[in-house]
Protein chains: 2
Amino acid sequence: MMQKNLKRMATMQRMQVTGLELFYKNGYYNTSVDDILNKLELSKGAFYYHYESKEDFFIQIIENLLVRKVYSMLIEPVEGHENTSDLIMQCYDNALETAVHNEMDFGFVLGNFISEFNGRNPKIMKHLNDIIKIWEVNLVSVIQRGKFEGYIDRHADAEGVALFIMSSFMGVRTLMVETAPSARKYRFMSQLRLFLKSIENKQPAV
Amino acid sequence: MMQKNLKRMATMQRMQVTGLELFYKNGYYNTSVDDILNKLELSKGAFYYHYESKEDFFIQIIENLLVRKVYSMLIEPVEGHENTSDLIMQCYDNALETAVHNEMDFGFVLGNFISEFNGRNPKIMKHLNDIIKIWEVNLVSVIQRGKFEGYIDRHADAEGVALFIMSSFMGVRTLMVETAPSARKYRFMSQLRLFLKSIENKQPAV
DNA sequence: AGAATGACCGACTCGTCGGTTTGTAGTATT
DNA sequence: AATACTACAAACCGACGAGTCGGTCATTCT
């Protein structure tokens with residue numbers, strides 16, 4: 001009976017992975033359940049045996065895949081105890097690198113879905129916003145800690161800095177989709193570095 | 001015979017204005033031609049008398065409405081000869097204010113459509129990208145001029161700064177859609193001010 | 001007045017998509 | 001061996017949406 005459950009979960013997992021891939025590529029409303037099923041060579045019956053609806057399916061994708069990916073790509077990497085702005089730089093440099101190679105980076109996936117569901121599906125929006133909040137809260141606390149540990153200027157506004165970083169990151173991803181992603185990444189990172197330098201603590205505790 | 005043309009253009013204009021409104025609110029693929037027609041109390045026949053297809057209709061909206069709005073909201077306001085960063089601040093402060101009141105601001109409209117059409121409709125993407133390019137080229141040249149006129153540090157990377165401003169603006173609009181738009185606008189503008197201060201010319205020519 | 005044309009109506013086609021229902025091969029249970 | 005349940009398959013339903021088409025009616029031209 002553990003075997004049973006394993007099979008069930010394997011199929012659901014396959015559906016979710018392919019689902020996220022297609023939803024990301026074509027948009028949620030532009031991807032039919034059949035598109036996903038065809039790719040997996042499964043039938044409608046299989047889908048509605050495991051999920052209540054397309055919406056339910058998508059929410060499970062958010063909870064199972066999106067949340068974890070955002071965690072591992074945008075949250076965990078900045079949680080070390082080294083110099084705060086170095087950590088942030090490395091994290092976002094890395095995240096943008098996946099974008100250059102046209103892979104899914106999950107900060108952008110998030111931004112895409114938010115603009116797709118905003119004002120259209122409050123239920124899904126709530127789940128997406130929860131992820132944004134987790135990201136934001138974490139970034140704020142990382143910056144706060146940077147202040148305590150002497151890396152960041154004590155006068156810096158942690159909420160403001162976090163918002164600015166998140167905004168510029170999500171925005172540059174939109175601008176990288178068509179034109180010279182690699183050059184734009186480089187330019188963007190240079191400016192982000194300047195910005196982070198400007199809020200570093202000038203008289204670090206020795 | 002001029003009367004004729006006037007009637008034609010009036011109807012087409014009404015369709016486009018309502019079309020943009022609904023496309024913005026619900027997305028392009030999520031808005032049916034009938035939705036627009038019902039709101040205007042017009043029929044399918046009227047629509048396909050004036051436009052070849054839904055796509056043709058949308059492209060005309062871009063050329064007639066979007067381009068001009070971006071011009072008047074994001075390009076013209078920064079073209080004065082006062083202090084460059086002041087002009088930029090005022091322009092984006094103003095653009096975000098419309099966002100706070102849930103109106104259409106056209107930087108965001110642009111970002112929304114880009115993420116909706118990216119990878120799905122190359123033809124429309126081309127038109128949207130053209131607007132982005134116009135915006136970018138203009139912002140770069142404004143910063144260049146700011147350097148010549150002594151407002152901006154000569155060592156600043158104009159392309160980088162422009163990209164950073166555009167990115168952060170488009171990004172913060174996404175983050176303003178659900179949570180505390182007014183507070184986020186304030187925080188964002190503070191950080192933008194800091195960033196612009198950091199590239200101002202420290203020894204202005206007297 | 002009669003013909004032509006511009007602007008529009010509304011019914012219809014044809015395809016798509018979310019969701020339902022019925023059936024069934026394999027596996028586990030009793 | 002009979003039963004029941006899991007994990008699907010396949011056919012189907014109703015809606016909705018883009019685009020078509022024959023027709024209408026007022027205005028303009030001749």
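Given the structure is predicted, the values throughout are model-derived calculations rather than measurements. Labels below follow one simple rule: chain letters A, B, ... track the order of the sequence lines, proteins then strands, and each chain is numbered from 1.
- Contact check, Arg8(A) against dT6(D): no side-chain N or O comes under 4.0 Å of OP1 or OP2.
- Classification of Lys44(A) and Asp34(A) as a salt-bridged pair holds, one side-chain N sitting under 4.0 Å from a carboxylate O.
- Remark: Tyr48(B) is in phosphate contact with dG19(D), judged by side-chain N or O atoms under 4.0 Å from OP1 or OP2.
- Between Ser32(B) and the phosphate of dC16(D), there is no side-chain N or O to OP1/OP2 separation shorter than 4.0 Å.
- The shortest distance between the side-chain N/O atoms of Lys44(B) and the OP1/OP2 oxygens of dG10(C) is not below 4.0 Å.
- The side chain of Ala46(A) approaches dA9(D) more closely than any other nucleotide in the set dG19(C), dT20(D), dA9(D).
- In summary, the side chains of Tyr51(A) and Gln16(A) do present a donor paired with an acceptor at a separation below 3.5 Å, with no hydrogens or angles considered.
- Along DNA chain D, the nucleotide nearest to Ser43(A) and the one nearest to Tyr49(A) differ in position, and the one closer to the 5' end is contacted by Tyr49(A).
- Residue Thr11(A) places none of its side-chain N or O atoms closer than 4.0 Å to OP1 or OP2 of dA7(D).
- Backbone-only contact: Glu41(B) has heavy atoms under 4.0 Å from sugar-phosphate atoms and none from a base.
- Between Lys7(B) and dA7(C), a side-chain N or O to OP1/OP2 separation shorter than 4.0 Å is absent.
- An OP1 or OP2 oxygen of dT6(D) is reached within less than 4.0 angstrom by no side-chain nitrogen or oxygen of His50(A).
- Side-chain atoms of Ser53(A) lie closest to dG19(C) of the nucleotides dA18(D), dC9(C), dG19(C).
- Cation-pi geometry between Lys54(B) and Tyr28(B) is met: the NZ or CZ atom falls under 6.0 Å from the ring centre, inside 45° of the normal.
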